Undergrad: 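Okay, handing you the structure first.
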Amino acid sequence: MDFEWLTQQSTPDLAKALLGYRLTVDETGGLIVETEAYVGVTDRTAHVFGGKKTAANQALYAPAGTVYVYRLRAYFLMNIITQVASEPQGVLIRAIEPTKGLATMAARRGQQGYNLTSGPGKLAQAMAIDLRDNSTMLNQGRIHLSSHRIKTPAAIESGPRIGVPNKGEWTTAPLRFWVAHNPYVSGMTKQQMNEQTKGWQ
DNA sequence: ATTATGATACGCT
DNA sequence: GCGTATCATAATA
């Protein structure tokens with residue numbers, strides 16, 4: 001399991017490339033349909049802005065393929081580290097299309113349908129991701145990433161990241177990527193969804 | 001279908 | 001104390 005290939009691309013390019021990969025934890029999981037890129041110490045919205053190092057964010061300074069999990073209020077959010085240790089950048093996994101363990105995830109969530117995994121806190125709860133997964137390496141712990149794209153998006157859209165206000169150009173930078181028309185992307189309205197193709201080729 | 005609002009629990013200063 | 005890389009529900013149309 002070697003994730004050096006991640007470092008061959010920029011983090012925004014990786015955020016796009018990871019759409020359609022499968023993410024699984026034990027008997028639950030699905031296809032990645034929405035991501036955000038956090039591009040390191042110059043990114044005012046990043047936890048490592050200005051080179052800040054704390055106990056909570058040290059996983060960001062680990063090599064590509066490491067999982068960074070942190071807590072936001074009552075929820076956990078998960079990222080994949082994308083570059084070498086001296087470049088703390090990562091991709092936040094914001095939504096997946098469930099393919100495995102639907103019943104288990106629905107029970108953990110107390111929700112079903114498109115509400116199952118259409119947001120970063122939701123998918124963490126559905127797959128029972130928490131701080132025990134922080135700093136673990138993909139495919140060596142509980143969290144597994146497929147070695148290639150399972151499905152290919154027919155179109156990829158981009159826009160500003162969610163929940164990072166008042167940070168100037170970093171607030172509006174188009175560093176959020178999603179599979180166009182996929183119903184599991186956060187904030188999708190019924191009219192934007194394509195329930196037949198779900199946005200795949 | 002869209003918008004507003006309150007609950008939530010840390011980590012950091 | 002304060003500020004969050006959120007979510008579910010209720011209210012209005």
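Labels below follow one simple rule: chain letters A, B, ... track the order of the sequence lines, proteins then strands, and each chain is numbered from 1. Please read all numbers here as calculations on a predicted model, not as lab measurements.
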Undergrad: For Asp133(A) and Asp130(A), indicate whether the former's side chain and the latter's backbone hold a donor-acceptor pair under 3.5 Å.
TA: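 It does hold such a pair.
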Undergrad: Atom CD of residue position Gln201(A) - does it have more than 12 heavy atoms of other residues, nucleotides or ligands inside 6.0 Å?
TA: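 Yes - once you tally the heavy atoms of other residues, nucleotides and ligands closer than 6.0 Å, there are more than 12.
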Undergrad: To the nearest 0.5 Å, what is the distance between OG1 (Thr24(A)) and NZ (Lys100(A))?
TA: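 Result: 5.5 Å between the selected atoms.
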Undergrad: Can a salt bridge be assigned to the pair Glu36(A) and Arg161(A) using a cut-off of 4.0 Å between side-chain N and carboxylate O?
TA: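 Between Arg161(A) and Glu36(A) there is no salt bridge, as every charged N stays at least 4.0 Å from the carboxylate O atoms.
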Undergrad: Which dot-bracket string describes DNA chain C (Watson-Crick N1-N3 plus N6-O4 or O6-N4, or G-U N1-O2 and O6-N3, all under 3.5 Å; [ ] crossing; | other strand)?
TA: ||||.|||||||.
Undergrad: If we check side-chain hydrogen bond (donor to acceptor under 3.5 Å, both in side chains) with Asn182(A), which of these qualifies: Lys198(A), Glu157(A), Glu97(A), Glu195(A)?
TA: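 For Asn182(A), the side-chain hydrogen bond (donor to acceptor under 3.5 Å, both in side chains) test succeeds with only one of Lys198(A), Glu157(A), Glu97(A), Glu195(A), which is Glu97(A).
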Undergrad: Which parts of residues 18-26 of chain A get close to DNA chain C, meaning a heavy atom less than 4.0 angstrom away?
TA: none
Undergrad: For Ser147(A), which residues count as a side chain to side chain donor-acceptor pair (under 3.5 Å) partner, sequence neighbours excluded?
TA: none
Undergrad: Just to be sure I understand the geometry, which residues of residues 100-118 of chain A put a non-hydrogen atom under 4.0 Å away from DNA chain C?
TA: Arg109(A), Gln111(A)
Undergrad: What are the residues of residues 35-64 of chain A, sorted by number, that bring a heavy atom to within less than 4.0 Å of DNA chain C?
TA: Tyr38(A), Thr45(A), His47(A)
Undergrad: Please list all pairs meeting ring-ring contact (aromatic ring centres under 6.0 Å, His included) that have one or both residues in residues 105-162 of chain A, counting only residues at least two apart or in different chains.
TA: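 Checked against ring-ring contact (aromatic ring centres under 6.0 Å, His included) - neighbours excluded - the pairs reaching residues 105-162 of chain A are Tyr114(A)-Tyr184(A).
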Undergrad: Kindly assign one of parallel, tilted or perpendicular to the pair Tyr68(A) and Tyr70(A), based on the angle between their ring planes and the thresholds 30° and 60°.
TA: parallel
Undergrad: With rounding to the nearest 0.5 angstrom, report the CG to OG distance, Leu31(A) to Ser146(A).
TA: 8.0 Å
Undergrad: Please check if the number of heavy atoms outside Gln112(A) that lie under 6.0 Å from its CD is greater than 12.
TA: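 No, the 6.0 Å shell around CD holds no more than 12 heavy atoms from other groups.
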Undergrad: Hey, are Gln125(A) and Arg109(A) close enough side-chain-wise for a donor-acceptor pair under 3.5 Å?
TA: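 Checked: Arg109(A)/Gln125(A) side chains pair up, N/O donor to acceptor below 3.5 Å.
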Undergrad: If you round to the nearest 0.5 Å, how far is CG of Leu138(A) from OG1 of Thr66(A)?
TA: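 Between Thr66(A) OG1 and Leu138(A) CG, I get 8.0 Å after rounding to 0.5 Å.
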Undergrad: Using only atom types and a distance under 3.5 Å, with no angle test, would you say the side chain of Arg108(A) pairs donor to acceptor with the backbone of Gly110(A)?
TA: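 It does not hold such a pair.
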Undergrad: Give one of base, sugar-phosphate or nothing for Arg71(A), where a contact means two heavy atoms less than 4.0 Å apart.
TA: sugar-phosphate
Undergrad: Which is true for Ile162(A) with a 4.0 Å heavy-atom rule: it touches a base, it touches only sugar-phosphate, or it touches nothing?
TA: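 Ile162(A): backbone/sugar contact only, no base atoms under 4.0 Å.
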Undergrad: If you take any heavy atom closer than 4.0 Å to DNA chain C, which residues from residues 164-173 of chain A end up in contact?
TA: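 Output list: Val164(A), Lys167(A).
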Undergrad: Which residues pass the side chain to side chain donor-acceptor pair (under 3.5 Å) test with Asn134(A), not counting sequence neighbours?
TA: none
Undergrad: Would you say Gln192(A) has more than 12 foreign heavy atoms packed within less than 6.0 Å of its CD?
TA: yes
Undergrad: Quick one: do Glu34(A) and Ser186(A) satisfy side-chain hydrogen bond (donor to acceptor under 3.5 Å, both in side chains)? Show the steps, please.
TA: CA-CA 8 Å; Glu34(A) 183 183 4; Ser186(A) 65; 3.0 Å; yes
Undergrad: Relative to the 5' end of DNA chain B, which residue comes earlier, Ala74(A) or Leu131(A), by the nucleotide with the nearest heavy atom?
TA: Ala74(A)
Undergrad: First and last nucleotide of DNA chain B in contact with chain A, 5' to 3', at under 4.0 Å to a heavy atom: what are they?
TA: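 Here the contact window of chain A covers dA1(B) to dC12(B).
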Undergrad: Considering only heavy atoms of chain A and a distance under 4.0 Å, specify the first and last nucleotide of DNA chain C in 5' to 3' order that meet this criterion.
TA: dT4(C) to dT9(C)
Undergrad: Could you pull out all donor-acceptor pairs under 3.5 Å where a side-chain atom in residues 50-59 of chain A meets a protein atom, sequence neighbours excluded?
TA:
| residue | atom | partner | partner atom | Å |
| --- | --- | --- | --- | --- |
| Thr54(A) | OG1 | Ala56(A) | N | 3.3 |
| Thr54(A) | OG1 | Asn57(A) | N | 3.2 |
| Asn57(A) | OD1 | Thr54(A) | N | 2.9 |
| Asn57(A) | ND2 | His47(A) | O | 3.2 |
| Asn57(A) | ND2 | Lys52(A) | O | 3.2 |

Undergrad: Tell me yes or no: between the side chains of Gln83(A) and Thr11(A), is some donor less than 3.5 Å from an acceptor?
TA: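 Yes - a donor-acceptor pair under 3.5 Å links their side chains.
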Undergrad: Applying side chain to side chain donor-acceptor pair (under 3.5 Å), name anything that partners Thr197(A), two or more places apart in sequence or on another chain.
TA: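 Partners of Thr197(A) by the side chain to side chain donor-acceptor pair (under 3.5 Å) criterion, ordered by chain and then number, come out as Asn194(A).
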Undergrad: From Leu19(A) CG over to Ile93(A) CD1, what is the distance, rounded to the nearest 0.5 angstrom?
TA: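 It is 8.5 Å, given to the nearest 0.5 Å.
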